[in-house]
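Letters A, B, ... are given to chains in the order of the sequence lines, protein chains preceding strands, and every chain is numbered from 1.
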There are 2 protein chains.
Amino acid sequence: MAERRTRADAVSNRARIVQVARELLTSTSELPMNAVAKAAGVGQGTLYRNFPTREALLAEVYKADVDVLVASAPDLLAQHDAAAAFRLWLDNVADYARVKRGVLAALEGGELAAGHHDPIAGAIDRLLAAGRDEGTLRADVGAQDVLLLLGFLSRPEAAERAHHVLDLIFNGLRVR
Amino acid sequence: MAERRTRADAVSNRARIVQVARELLTSTSELPMNAVAKAAGVGQGTLYRNFPTREALLAEVYKADVDVLVASAPDLLAQHDAAAAFRLWLDNVADYARVKRGVLAALEGGELAAGHHDPIAGAIDRLLAAGRDEGTLRADVGAQDVLLLLGFLSRPEAAERAHHVLDLIFNGLRVR
DNA sequence: CGCCGATCCGGACACGTGTCCACTTTTCTC
DNA sequence: GAGAAAAGTGGACACGTGTCCGGATCGGCG
């Protein structure tokens, strides 16, 4: 029995990778995986074992930001009716997206896998449920749908039209 | 003056590339550029000069399909009111997207460049304009917005929810 | 017909991604 | 503390993308 604990060097390696990635992202928005590996002083194998995809790494780097975003949902719900809260939350997402494309990439890697269940999806679910109870948002909408619609934010040309398109999306989610 | 005409071999090469690409796509949905080059018996340079991006190549391959899609817009408008026509057209897009992801990729490469002006955008503009005149579709929507929203179709997990999400989008574009 | 220069060819390169596995290091056990 | 097994390492590889440029090739012209 007695599960072996994870090796000390493994932990520090993982931490150093995230650290290095964060630093690299301050200078450019590029994030070559092999550069991360080299800068962190680890091999490609180590990097990819810790973070199978670039998204996984970005998710870790921007975890804090994502957490703020997720946490803002209940706050908004406390201060506004569900529809307004939802609308405001969408704007928050857009703002984050504009500053750091990475946040977007992170949430796009959305875990469809079992157990893990994406916190962003959770936040959206909350907002949708509130709107549903309130009778202002369509009942046939799931977080998955919203995530799909929000995907446009990752396109580079979306920046300017973002808020307008969000308007259209929001309009479509309201009950008629 | 007297513009030199394009060399005969250049023309045949271009044609052969498209031909080969089409054949490769019948077996798999993958389309490695270097494989195309090799199969067509040309160098990478030649391939990339003719089609700078994979999307450009796909656009050429699926040109016929896209043309059908574009041509269907006026037909639908002739037989239905603008809102219905638009809704039906969106379904057409989704159907094409499901069968051939390539069509999607093709239209996503949407020429923002001058002069060329994307035929798909043209079709959308027509539909939108009709809806605007009719008073059933929002006046503040551009083809660009619709294209952005339609982007979700290229995500692999969109397949099942596609029609539902299109419903939401359509709902958002209607006047309230 | 044959030359000349514009045009086009095509493969070598530089680079990034992601996988694989022989080897090293760490932890546990005694 | 010593030994062994497990856990982790890291760099070589295979592959795909896209660029670049020396040289072959074609079309125009005398």
Side-chain angles (χ1 to χ4, degrees), chain A residues 1-25 27-61 101-102 105-106 108-109 111 113 154 156, chain B residues 1-25 27-61 101-102 105-106 108-109 111 113 154 156:
Chain A
M1 292 237 70
E3 299 288 319
R4 246 165 212 263
R5 74 177 162 197
T6 50
R7 284 166 51 164
D9 57 341
V11 185
S12 75
N13 270 337
R14 187 174 216 278
R16 201 165 60 259
I17 288 172
V18 177
Q19 174 61 17
V20 164
R22 187 169 288 124
E23 282 165 14
L24 286 186
L25 280 172
S27 36
T28 64
S29 61
E30 305 285 299
L31 188 61
M33 293 299 264
N34 60 3
V36 175
K38 185 158 42 175
V42 302
Q44 307 268 74
T46 302
L47 173 55
Y48 279 101
R49 189 156 7 80
N50 278 289
F51 306 100
T53 67
R54 188 198 321 288
E55 285 67 41
L57 178 51
L58 288 173
E60 186 71 23
V61 169
R101 189 71 53 75
E108 283 202 25
E111 348 282 80
S154 64
Chain B
M1 294 239 69
E3 300 288 319
R4 246 166 211 260
R5 76 175 161 194
T6 50
R7 284 166 51 164
D9 57 341
V11 185
S12 76
N13 269 337
R14 187 175 217 278
R16 201 167 57 260
I17 287 171
V18 176
Q19 174 62 17
V20 164
R22 187 169 288 125
E23 284 165 13
L24 285 187
L25 281 172
S27 36
T28 65
S29 61
E30 305 286 297
L31 189 60
M33 294 299 264
N34 61 3
V36 175
K38 186 157 44 174
V42 302
Q44 308 268 71
T46 303
L47 173 55
Y48 279 100
R49 190 157 3 81
N50 278 289
F51 306 99
T53 66
R54 189 199 321 288
E55 285 66 43
L57 178 51
L58 287 172
E60 186 71 21
V61 169
R101 189 71 53 73
E108 282 202 25
E111 346 282 84
S154 64

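The stretch residues 9-25 of chain B participates, sequence neighbours left out, in these side chain to side chain donor-acceptor pair (under 3.5 Å) pairs: Arg7(B)-Asp9(B), Asn13(B)-Arg16(B), Arg14(B)-Asn50(B), Gln19(B)-Glu23(B). Among pairs with a residue in residues 39-49 of chain B, none fulfils side chain to side chain donor-acceptor pair (under 3.5 Å), at least two apart in sequence or across chains.
Within residues 27-40 of chain B, no residue has a heavy atom under 4.0 Å from DNA chain C.
Protein atom CD of Glu55(B) is 11 Å distant from nucleotide atom P of dT17(D), rounded to whole Å. Rounding to whole angstrom units, CG of residue Leu57(A) and P of dT17(C) are separated by 11 Å.
Taking each heavy atom of Ser29(B) and Leu25(B) in turn, the nearest pair found is O-CD2, 3.8 Å. Counting all heavy atoms, side chain and backbone alike, Leu31(A) lies closest to Arg54(A) at O-NH1, 2.6 Å. Shortest non-hydrogen contact noted between Ala40(B) and Val20(B) is CA-CG2, 3.9 Å.
For Ala56(B), the side-chain contact (heavy atoms from CB on, under 4.5 Å) partners two or more places apart in sequence, or in a different chain, are Phe51(B), Pro52(B), Thr53(B).
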Base versus backbone protein contacts along nucleotides 5-12 of chain D [heavy-atom cut-off under 4.0 Å; B, S, -] = BSBSBBBB
